[in-house]
Every structure is written in structure tokens, then in C-alpha cells.
Amino acid sequence: MEEDQEAVNLAADWADISQGLRKDLGHQAHSQWIKPIQPGNWCKETGTLDLYLPTEFSANWVNDRFADRLSLAWKIARPDVRHVRILVHPGRRQLPELRLGGGNGRPASAPANDSAVGAPDPLSVALAGESFASLGQGPAGIDASQTFTSFVTGTSNVLACNAAQRMAATESPQFSPLYLKAATGQGKTHLLHAIGHAYLAAHPHARIFYCSAERFMVEFVQALRQNQMIEFKARLRGFDLLLVDDIQFIIGKASAQEELLYTIDALLQEGKRLVFAADRAPQALDGVEPRLLSRLSMGLVADIQPADIELRRSILENRLQRFASIEVPADVIEFLARTINRNVRELVGGLNKLIAYAQLTGQAVSLQLAEEQLTDILSANRRRITIDEIQRTVCQFYRIDRTEMSSKRRARAVVRPRQVAMYLAKVLTPRSYPEIGRKFGGRDHSTVIHAVRLIEELRTRDADMDGDVRSLLRQLES
């Protein structure tokens, strides 16, 4: 009877927590990842609560992305919850985990770490159940795959990368703290891990604390409740390198802000190194007291801009080195680089998903396969360029009449621009070959396929054609 009542209480608490997370994360993310969670075993003696998900894929994904947030939410709702574990429901069939390329246990179809590839927080729920003292000993929490070597640089991120390397160097840095500012998935978390990895290589006995701001809050609240604030402060200030990700999530927590402020001052006075990362500049952090803002911005604020097309190509080519046995055509790389432009995490995640599907089904990677399997990612990234807009732009570029896009004329001066427009329609829109053919005077889909393949081939051996296409792409994507 008592167990039944406890189950009811857990269900009621979960309903409140889930509702709050829905407001924070949005309907789509909540429905896909949070809603399927079911409260499971609860052990009062150890304060351990199990949360169940139906598959190993979803359990790994939630564990990577939302572990700290779930742990903090439960600890606030129920002070007797000390540890939260995210597991596969024992009554469900577990799916095999894909381990393609990364070697870090992430499912291949889940968005990968920034390459710039920013990352799910590697402090898993298993770590969330350990004591604060265990963190920072050796490489705890540092992802060994996220190094400076694997970080691909371009004009948009070279300043941040160079600053991060200086922070990890043997000699004392010229500035501290270092504040990395970047939108989601552009590389700031990768650089945090790279700093930790390089600093440990140079200082094998160094003590490093890496966490998200939410994890900092979990530890702070736990120490406060257990009357262990003296120990908490002593341990935190004993680190040689402090790495705090997503600092924007500490907004509004006055007591935690004050403790972080004192910690920054103490570490700076001792010449320690501090690195913070956030999705906005220090001045744009709402709800942060002025003294803390001044500390965060007193060193160097390094901005990481969204990756341009050249950097996106380089990141994909770098990633492909991990899949030596898989052939990915150049047109697929170009298609992904141009189409998935919101953030690098989605870009690499799309490539991983495509390669995983090809390996598991035995199909060859192709442009058609990419369009079929990456529908959600592609539709979220595409600016809604229409075929009419493409035809109008091509006609202006080649100085021909718009009616030539649908005419039956076979003159070279008309046919080539028409083929270029068909090629751009396939690259820049989600339309199928038959749909494109209908927009070009009711032409057969085989005509469109021929045009696309011809322009792809011409771009590889005709510099003028490649220049024309690049110019048109810039006009249409601007």
C-alpha cells in the first residue's frame, strides 16, 4: 500500500516537472525526449531514482542532453532525491548501440559534438550521483576525443581557438578569464574540452573542474542542503583550471552567483585559469549582478561566428576521415555543406546519420539517399527558396527571357541556363525530379536528372561554369 502511494507521489511530481520542462525546452523537444520518460525504481535508503526510457538510443540521448536538468529538477521537487539514473525500461527490448567513428558511445544518428562540434554535456547521470570531490581528479568529465587537433578552424572561429590554446599552454595566459561566446552547436563546448585535454597533457597532476552551469547549481544546492558549504568552497577553490559551460543558466540564482563571484576572485588571485562559455555576450546576460558581469568580461571575450560555407566543407571532409571505408560523393558533401547551415552540430549529425544508415542497410551514399533520410534536418535549415525565384535569378544572370525556362528551344544559349536552373532547383529546394520537370515546361524527370548530372560534371572541369554556379548560389542564399 505504501509502495503504491509512493508511486502515485512520484507520478504527480513527474507531471509537474515534465510540465516545467515543456515550457523550458519547447513542445517538439519535450514530446520527443522528455514525455516518454517514466519514473521507475525509487530507493529511499540511497536516495536513488531511476527514470526509464523505451530504447537505449533515447536513454543515451536524454542522458547526454538533459541529465543535469533532470537531476536538478528532481532534487528541487523532492529533497530526498540525491541521485538520478536514466535507464532503458527493463521490460523493453534494448536496441544495439551504434559506435561509428566517434568511439565515445554516442549513437551515430544523434547530433555529434561540435567540430567546431559543441557537445552534449559528458557529465552523465552516473557522475551526477557521485560526490563533488570526485570531480576534477584527472580527466573526469573531459571528452578525450574533443581536442584541438580535431577542431577545424576557419575565419569564424580562429580567434577563439587561438585564445583557447593560449589558455591551455604551459606559460601563464595573458588574459583570464577567457569567455567563449557562440550560438548552439558552433564549437564552444569542443574548445572547453580541448583546453582541459591539453592542460592535462601539459600538467598531468593538475586538478580540473569541468561542468555546465546547471551542474554547478546541482552541486551548490546539494551542498547547501547537506550543510557542506565549507567543503564545497574548499574543493571548488582547489582547482587549477575551472571550465564552466552554458553560464547563461546561472541567471537569477543570487546565492550561486555570489559563490561563483568569490570563487573567481580567489582563483584569479592565485593565478589559476578560468574559462566560461555561453550563447551570448556577458553584457547580454539578464539577471546577473554587475560585479559578476565585470569578472566575466575582464579577460578576453572571444566570439565564434556561425561557420561559413568553406568551414562547413572542411568540417565534413575532416569528419569523413573517420569513415575511411565509406565513400561519400563530392556532390553529397557540397549539398550538406550548403543546406545544413544553422549549426555545426546538426551538420556533423546529419553526416553521421547518413553514413550510419548506409552502413546498416548496405546502400551507397548518394544525393537521393541524403534527401530521403535527412528530411527533418534539411527542412529546418533550408531558407524557402522557390523554383520561380531560381528561374528569375538565372534568367537575369544569363540575360535571357523568363519564358525560355519552359520553352522547347534547343539553342545552347538557352539550354545551358535552363540546365543550370534545374541543377539549382535540385540543390536548393526539396522538390523531386518530377516536380522540377513540371516547373520547366512539363519536362520528364529524366531530363532533370540529366541536367543535374551534367552541371555537376561541368563544375569539376569548367572553371567558368563553376564560377557561374557559385555566383548564382551566393545571390540566391544571401
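Quick caveat: nothing in here was measured; it's all calculated off a predicted structure.
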Side chains of [X] and [Y]: closer than 4.5 Å at any heavy-atom pair?
{"X": "L49", "Y": "W74", "value": "yes"}
{"X": "F220", "Y": "S255", "value": "yes"}
{"X": "L21", "Y": "L70", "value": "yes"}
{"X": "L369", "Y": "Y357", "value": "yes"}
{"X": "F209", "Y": "L241", "value": "no"}
{"X": "L285", "Y": "L296", "value": "yes"}
{"X": "L180", "Y": "F276", "value": "no"}
{"X": "R273", "Y": "D240", "value": "no"}

Please check: side-chain N/O of [X] versus main-chain N/O of [Y], any donor-acceptor pairing under 3.5 Å?
{"X": "S294", "Y": "R291", "value": "yes"}
{"X": "N157", "Y": "G154", "value": "yes"}
{"X": "H203", "Y": "Y199", "value": "yes"}
{"X": "T375", "Y": "E372", "value": "yes"}

Stepwise side-chain contact (heavy atoms from CB on, under 4.5 Å) check, D279 with D246: CA-CA 7 Å; D279 64 359; D246 291 326; 5.7 Å; no
How far apart are the closest heavy atoms of [X] and [Y], and which atoms are they?
{"X": "G185", "Y": "N343", "answer": "O-CB, 3.7 Å"}
{"X": "A168", "Y": "A198", "answer": "CB-CB, 3.7 Å"}
{"X": "A358", "Y": "V365", "answer": "CB-CG2, 3.6 Å"}
{"X": "Y52", "Y": "G40", "answer": "CE1-CA, 3.5 Å"}
{"X": "L192", "Y": "L243", "answer": "O-CD1, 3.5 Å"}
{"X": "M298", "Y": "S176", "answer": "CG-O, 4.3 Å"}

Stepwise side-chain contact (heavy atoms from CB on, under 4.5 Å) test for L242 and Y210: CA-CA 6 Å; L242 181 66; Y210 167 81; over 6 Å; no
Do you see a donor-acceptor pair shorter than 3.5 Å between the side chains of [X] and [Y]?
{"X": "H83", "Y": "T46", "answer": "no"}
{"X": "K353", "Y": "Q373", "answer": "no"}
{"X": "S150", "Y": "H190", "answer": "yes"}
{"X": "D245", "Y": "T189", "answer": "yes"}
{"X": "Q174", "Y": "R166", "answer": "yes"}

Drop me the distance from [X]'s [atom1] to [Y]'s [atom2], to the nearest 0.5 angstrom.
{"X": "L260", "Y": "I247", "atom1": "CG", "atom2": "CD1", "value": "5.0 Å"}
{"X": "I37", "Y": "L53", "atom1": "CD1", "atom2": "CG", "value": "5.0 Å"}
{"X": "I264", "Y": "K272", "atom1": "CD1", "atom2": "NZ", "value": "14.0 Å"}
{"X": "T155", "Y": "Q305", "atom1": "OG1", "atom2": "CD", "value": "9.5 Å"}
{"X": "E258", "Y": "E289", "atom1": "CD", "atom2": "CD", "value": "7.0 Å"}
{"X": "L191", "Y": "C161", "atom1": "CG", "atom2": "SG", "value": "5.5 Å"}

Single hit among R82, Q228, K75 for side chain to side chain donor-acceptor pair (under 3.5 Å) with Q222: K75
Partner of R85 by side chain to side chain donor-acceptor pair (under 3.5 Å), out of N63, D50, T48: D50
Verdict with supporting geometry, D466 and T460, side-chain contact (heavy atoms from CB on, under 4.5 Å): CA-CA 7 Å; D466 186 58; T460 63; over 6 Å; no
Is the shortest side-chain N to carboxylate O distance from [X] to [Y] below 4.0 Å?
{"X": "D308", "Y": "R312", "result": "no"}
{"X": "E371", "Y": "K426", "result": "yes"}
{"X": "E310", "Y": "R313", "result": "yes"}

Charged tip of R78 within 45° of W42 ring normal and under 6.0 Å: yes
Derivation of the salt bridge (charged side-chain N to carboxylate O under 4.0 Å, His left out) call for E259 and R237: CA-CA 11 Å; E259 182 53 45; R237 296 174 192 180; 2.9 Å; yes
D68/S212 under side chain to side chain donor-acceptor pair (under 3.5 Å): CA gap, chis, key distance, verdict: CA-CA 8 Å; D68 286 346; S212 66; 3.0 Å; yes
side-chain contact (heavy atoms from CB on, under 4.5 Å) against S297, all qualifying residues, sequence neighbours excluded: P282, Q283, V301
Sequence-distant partners of R338, salt bridge (charged side-chain N to carboxylate O under 4.0 Å, His left out), two or more places apart: E334, E477
Whether F232 and F216 hold their rings parallel, tilted or perpendicular, with breakpoints at 30° and 60°: perpendicular
Criterion side-chain contact (heavy atoms from CB on, under 4.5 Å) on Y179 and L300, from CA distance to verdict: CA-CA 6 Å; Y179 188 102; L300 173 66; over 6 Å; no
Residue pairs, two or more places apart or on separate chains, that pass salt bridge (Lys or Arg N to Asp or Glu O under 4.0 Å) and touch residues 170-187: K181-D303
